[in-house]
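Here the structure is a predicted model, which means the values were calculated and not measured. Atoms considered below: every heavy atom in the structure, side chains included; atoms not considered: hydrogens, waters and symmetry mates.
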Amino acid sequence: MESGLAGAGSVPLSAEIEARVRAALSPDLLKLRDDSALHAGHAGAREGGHYYIEIVSARFAGLPRVARHRLVYDALADLMKKGIHALAIEARAPDEQQNKVHEQRR
């Protein structure tokens, strides 16, 4: 279920989120999930959708978690004010992704 539109056009909000994050961070991996349906009835659900994003980007190398999240929020600034109510972010640098994949295989 798509929780809204990215403006007056017919582009779904999730497509707009993905396009902006790709343009700003050139990710090696980007997974976006719309969890809005899980929050139906929640007071904030009227204000926008709930999303989960997993992103691996070289832009995150050497940055602490807060700085990584800030880069994602900057790419989505106006959507955070209208359209997105909640955004869960898992942001890793490429070397951290390789370590995660290696650990999962053990």
Side-chain angles (χ1 to χ4, degrees):
M1 175 178 141
E2 190 62 47
S3 62
L5 299 178
S10 61
V11 177
L13 184 57
S14 58
E16 182 68 18
I17 293 168
E18 186 172 335
R20 289 182 185 204
V21 171
R22 285 190 187 284
L25 300 171
S26 302
D28 296 337
L29 171 78
L30 177 62
K31 294 180 182 178
L32 178 65
R33 185 178 67 225
D34 184 346
D35 289 338
S36 300
L38 301 174
H39 299 274
H42 171 252
R46 291 187 300 268
E47 299 168 19
H50 290 69
Y51 296 89
Y52 166 83
I53 190 167
E54 179 181 355
I55 181 169
V56 177
S57 174
R59 295 277 314 272
F60 298 146
L63 294 179
R65 187 168 124 184
V66 171
R68 294 173 185 198
H69 286 209
R70 193 168 292 130
L71 288 174
V72 175
Y73 287 130
D74 287 349
L76 303 173
D78 63 319
L79 296 179
M80 294 303 299
K81 295 176 186 172
K82 59 174 180 77
I84 299 173
H85 174 70
L87 181 64
I89 302 170
E90 186 174 338
R92 292 184 300 281
D95 62 326
E96 296 165 331
Q97 176 65 12
Q98 290 172 357
N99 292 341
K100 179 181 177 184
V101 170
H102 180 71
E103 289 295 319
Q104 289 174 343
R105 289 183 180 162
R106 286 185 182 185

Derivation and outcome, side chain to side chain contact (heavy atoms under 4.5 Å, CB included), residues Leu13 and Tyr51: CA-CA 10 Å; Leu13 184 57; Tyr51 296 89; 3.4 Å; yes
Closest non-hydrogen atom pair, Ser57 against Pro94: O-CD, 3.4 Å
Shortest non-hydrogen contact between Ser36 and Gly49, atoms and distance: OG-CA, 3.2 Å
Point-to-point distance, once rounded to the nearest 0.5 Å, from NE2 of His85 to CG of Asp35: 12.5 Å
Inter-residue atom distance Ile17.CD1 - Leu76.CG, 0.5 Å rounding: 6.0 Å
Residues forming a side-chain hydrogen bond (donor to acceptor under 3.5 Å, both in side chains) with Arg22, sequence neighbours excluded: Glu18
Side chains of Leu71 and Leu63 in contact at under 4.5 Å (non-hydrogen atoms): yes
Inter- and intrachain pairs under salt bridge (Lys or Arg N to Asp or Glu O under 4.0 Å), touching residues 61-73, at least two apart: Arg68-Glu96
Nearest-0.5 Å distance that lies between atom CZ in Arg33 and atom OG in Ser14: 13.0 Å
Spacing of Ile84 atom CD1 and Glu16 atom CD [to the nearest 0.5 Å]: 9.5 Å
Side-chain heavy atoms of Leu79 within contact of Arg20, under 4.5 Å: yes
Side chain proximity check, Leu29 to Glu54, heavy atoms < 4.5 angstrom: yes
Minimum side-chain heavy-atom gap Pro27-Val56 below 4.5 Å: no
Close side-chain approach of Phe60 to Leu25, heavy-atom, < 4.5 Å: yes
pair Tyr73-Leu87: side-chain heavy atoms closer than 4.5 Å: yes
All side-chain hydrogen bond (donor to acceptor under 3.5 Å, both in side chains) counterparts of Arg59, not counting sequence neighbours: none
